[in-house]
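Just so we're on the same page: letters track the sequence lines, and every chain starts at 1. What you see below is based on every heavy atom in this structure, not just the backbone, and it leaves out hydrogens, waters and symmetry mates.
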Amino acid sequence: MNGDLWPSANRSNRRLALIGNPENRRIRDFQAAVVALGGPRPPCLAYTELLSDDSALARLDADVLRLDSPGENAAVADALIALGGGPARSNLDLGEIGFLREYHRGFCVVLDRIAQRGIPCLNAPADIAIMFDKWAGHQRFLQHGVARPPAELAPATAGTLRAQMRAQGSGRVFLKPLHGSSASGVCALRWTPHRQQLIAPLRLQSKHGEPALINSLSVSTYTAWADIELILGLLLPPGMIREQWIPKLTLPGGAIDLRVLVIAGEARHWVIRQSRHPMTNLHLGNQRGDAAALRELIGQPKLEAAFRLAEQAAACFPDSLYAGVDILLDAQQRPWVGEINAFGDLLPRLLHRGETAYAAIAQYCHAARCAV
Amino acid sequence: MKRNLIYMDAKSSKFWNIEQSGNTFTVTYGRTGTDGQSQIKSFADEAVATKEAAKLIKEKLGKGYVNAAPSAPASAPANGAAGDATDEPIPLVAFSSINRREDIGENIGTFVGQRVVDYDADKPVKADVCYRFRSDWETNEVIPNLEAYFETDAALTATALVLGAWHGDDSEKTSAEVVATLVKGRDRLPRLAAIFMGDITSEENEMSWIKQSDLSPLLAAFPRLQLLRARGGDGLALTVPQHAHLRALALETGGMDVSVLRSVCTSDFPNLEYLELWLGTDQYGANYSVADLQPILSGRLFPKLKYLGLRNCQLADEVAAVVVNSPLLQRLETLDLSLGVLTDEGARALLLLPLNTTLKKLNLHYNYLSADLVRQLKALPLVVDASKPSDMDVNDEWRFVAVGE
């Protein structure tokens with residue numbers, strides 16, 4: 001890898017620019033990674049500017065673009081929602097879940113504009129749009145024979161879902177917003193004819209007399225159908241995918257899955273995410289698990305199989321340089337793809353072959369394989 | 001001077017031996033069934049070596065190690081793998097499973113000291129492990145797998161079996177069919193000494209949702225049974241609670257029905273040394289009162305009882321208040337009120353525990369005790385575990401047992 005450092009004198013000095021929320025650590029850390037490799041600090045076009053100024057994109061002068069997450073910025077969220085056909089001001093409270101469809105539609109408009117601009121992107125805008133659409137992503141995985149838990153589109157009302165639940169007797173599913181990111185709005189639901197349980201990182205509260213959902217860092221369990229109905233009444237209408245809840249493998253400390261970062265076709269940085277809840281996302285107070293314990297339990301060949309599956313999943317998006325793939329292992333230690341994340345490279349301090357995830361990606365920014 | 005200690009819980013089974021000779025001692029430790037590794041240490045003189053050895057032994061005892069049975073070989077305790085057909089008594093320490101709140105979310109790694117392995121019909125069957133039978137989320141092969149296992153020679157020497165999630169995707173499915181299959185296979189399991197019916201994590205099914213059934217057919221079918229452990233209180237029954245040799249009974253529930261408690265209180269288990277009951281909360285089906293525990297606490301039952309666990313109990317304070325007067329304390333070695341809602345009120349009762357009894361250990365892990373009461377309890381001449389998980393809030397107005405739903 002030593003001969004590959006940025007900027008190599010033998011390579012064309014392709015100028016990299018970022019699109020993101022400049023105040024976010026994702027941008028700061030990636031800029032720092034490029035600088036640490038000896039490259040110039042890449043400029044960042046802010047989503048706020050891109051959304052408020054029609055000529056901002058046209059003025060952007062770069063040879064390669066890296067698109068980062070528009071998340072964690074209320075002004076950007078409002079602008080995307082408005083662009084996607086929602087109200088001019090969403091009036092969403094901090095952390096409140098709402099207008100997921102409009103947000104996604106607005107983001108797709110932005111992605112399309114970026115694609116029209118014609119500058120090669122590390123991850124193609126069209127790929128990112130599909131990675132942010134759980135049903136489209138599921139379909140693409142199925143076409144390529146990637147192992148995915150059985151899934152279907154959920155009905156749009158809690159009443160219909162309940163009728164399905166009754167007809168089935170008992171069961172367990174994940175309900176995931178079609179257009180959500182991280183664990184926002186994801187619900188684990190299990191039921192028998194006599195009771196039900198919905199586990200989700202959200203708080204149900206009243207806002208001006210109406211029910212509202214607030215993302216929460218702690219995972220709550222709801223057992224009263226009245227509460228579950230209110231929650232699903234908000235989440236189901238804009239679309240959810242209903243996915244088999246496969247019991248995950250447990251290690252000392254709780255159930256686990258893997259986040260595997262695939263870069264240029266190769267499974268690189270990976271981390272075990274461990275939780276006592278059905279959601280393993282690391283921001284929910286969960287912890288990184290013990291790789292040695294996993295290796296001892298399942299053996300290297302099964303770990304390799306998980307990595308190969310992550311690579312297979314990323315290969316479904318050939319116009320993207322990298323993707324974060326969540327691999328879950330069932331109790332029989334077989335791997336399944338849970339999610340794919342276009343912005344799944346935020347893995348601070350995690351090293352592979354001595355470099356961070358951002359450093360590994362920065363290596364490729366000037367290489368010729370960037371997609372248009 | 002020689003001392004052989006062992007440690008067992010749901011995750012591991014280890015030994016730690018020390019042998020002193022003059023100013024030198026040798027420590028040998030490792031996983032049960034292995035030779036382990038040795039360390040030799042020499043000191044200035046014999047007195048120093050003795051002092052250092054005593055310090056290490058105390059440290060290990062504090063961590064939950066206990067003396068190995070005097071008859072057990074130093075590094076190869078009973079695991080049923082050997083061909084000899086004697087009924088090796090399972091060490092008392094091996095009956096316990098979940099010691100810590102954080103163990104609850106995991107499948108067990110060891111059972112009565114044996115390594116637990118998921119049965120895989122495609123792999124050769126081993127005789128030196130304990131098999132776990134459970135469904136996966138797509139197919140439910142528990143019964144066919146059990147039947148296939150019965151046909152192997154390994155079954156003939158197996159001393160322990162673990163039944164995991166038998167319900168597949170249908171959490172309404174009870175353990176009845178699994179129980180019936182085991183009973184039918186009784187002649188193929190002539191040495192079975194330990195059964196865990198329900199090694200099921202919350203990821204697989206909530207403890208309070210697990211559908212159990214009448215487990216007493218297992219008592220009748222397996223006369224050499226020493227330990228019956230079950231998880232899940234819904235549907236649980238012991239309609240004929242009798243067994244001449246049973247040494248340990250452990251029933252883990254999120255809420256115990258009083259009928260189960262009454263079965264235990266009218267049971268005929270003359271050799272019971274270990275009784276672990278997870279009583280739970282009324283939110284998940286518990287409908288007993290502390291008065292229902294009186295037949296146990298009166299001391300009339302279980303003349304050989306050494307361990308009593310009344311765990312995961314909403315009424316831990318009340319239990320503490322009555323247990324201090326129990327004649328059972330004249331024979332118990334361990335009293336376990338862990339995982340429940342024990343507050344300073346209950347702790348003040350425990351400070352009245354009679355001293356100079358056989359009682360050696362008080363397990364209060366997961367509790368709502370103030371630092372002051374913890375200090376006072378630790379001053380008792382007992383090994384007291386008053387630890388708490390780091391996320392517990394003693395001052396929370398809502399107080400929960402460790403496992404409800």
A.B. asks: Under 6.0 Å from the CD atom of Glu177(B), do we count more than 12 heavy atoms belonging to anything else shown?
C.D. replies: no
A.B. asks: Between Thr250(A) and chain B, with a heavy-atom cut-off of 4.5 Å, which part of the residue counts as in contact: side chain, backbone, both or neither?
C.D. replies: side chain
A.B. asks: For chain B, which of Arg172(A), Gln168(A), His277(A) has the most heavy-atom pairs under 4.5 Å?
C.D. replies: Arg172(A)
A.B. asks: Distance alone, cut at 3.5 Å: any donor-acceptor contact between the side chains of Arg295(A) and Gln300(A)?
C.D. replies: yes
A.B. asks: Does the ring center of Tyr7(B) lie less than 6.0 Å from the ring center of Trp16(B)?
C.D. replies: no
A.B. asks: Please state whether the side chain, the backbone, both or neither of Leu297(A) comes within less than 4.5 Å of a heavy atom of chain B.
C.D. replies: neither
A.B. asks: May I ask you to name which of Pro193(A), Ala188(A), Pro149(A), Ser275(A) has the most heavy-atom pairs under 4.5 Å with chain B?
C.D. replies: Pro193(A)
A.B. asks: Would you call Asp199(B) and Arg229(B) a salt bridge, taking side-chain N to carboxylate O under 4.0 Å as the test?
C.D. replies: no
A.B. asks: Which region of Ser135(B), side chain (C-beta onward) or backbone (N, CA, C, O), has a non-hydrogen atom less than 4.5 Å from a non-hydrogen atom of chain A, or is it both or neither?
C.D. replies: backbone
A.B. asks: Can you give me the closest heavy-atom contact between Arg311(B) and Leu339(B), atom names plus distance?
C.D. replies: NH2-CD1, 3.7 Å
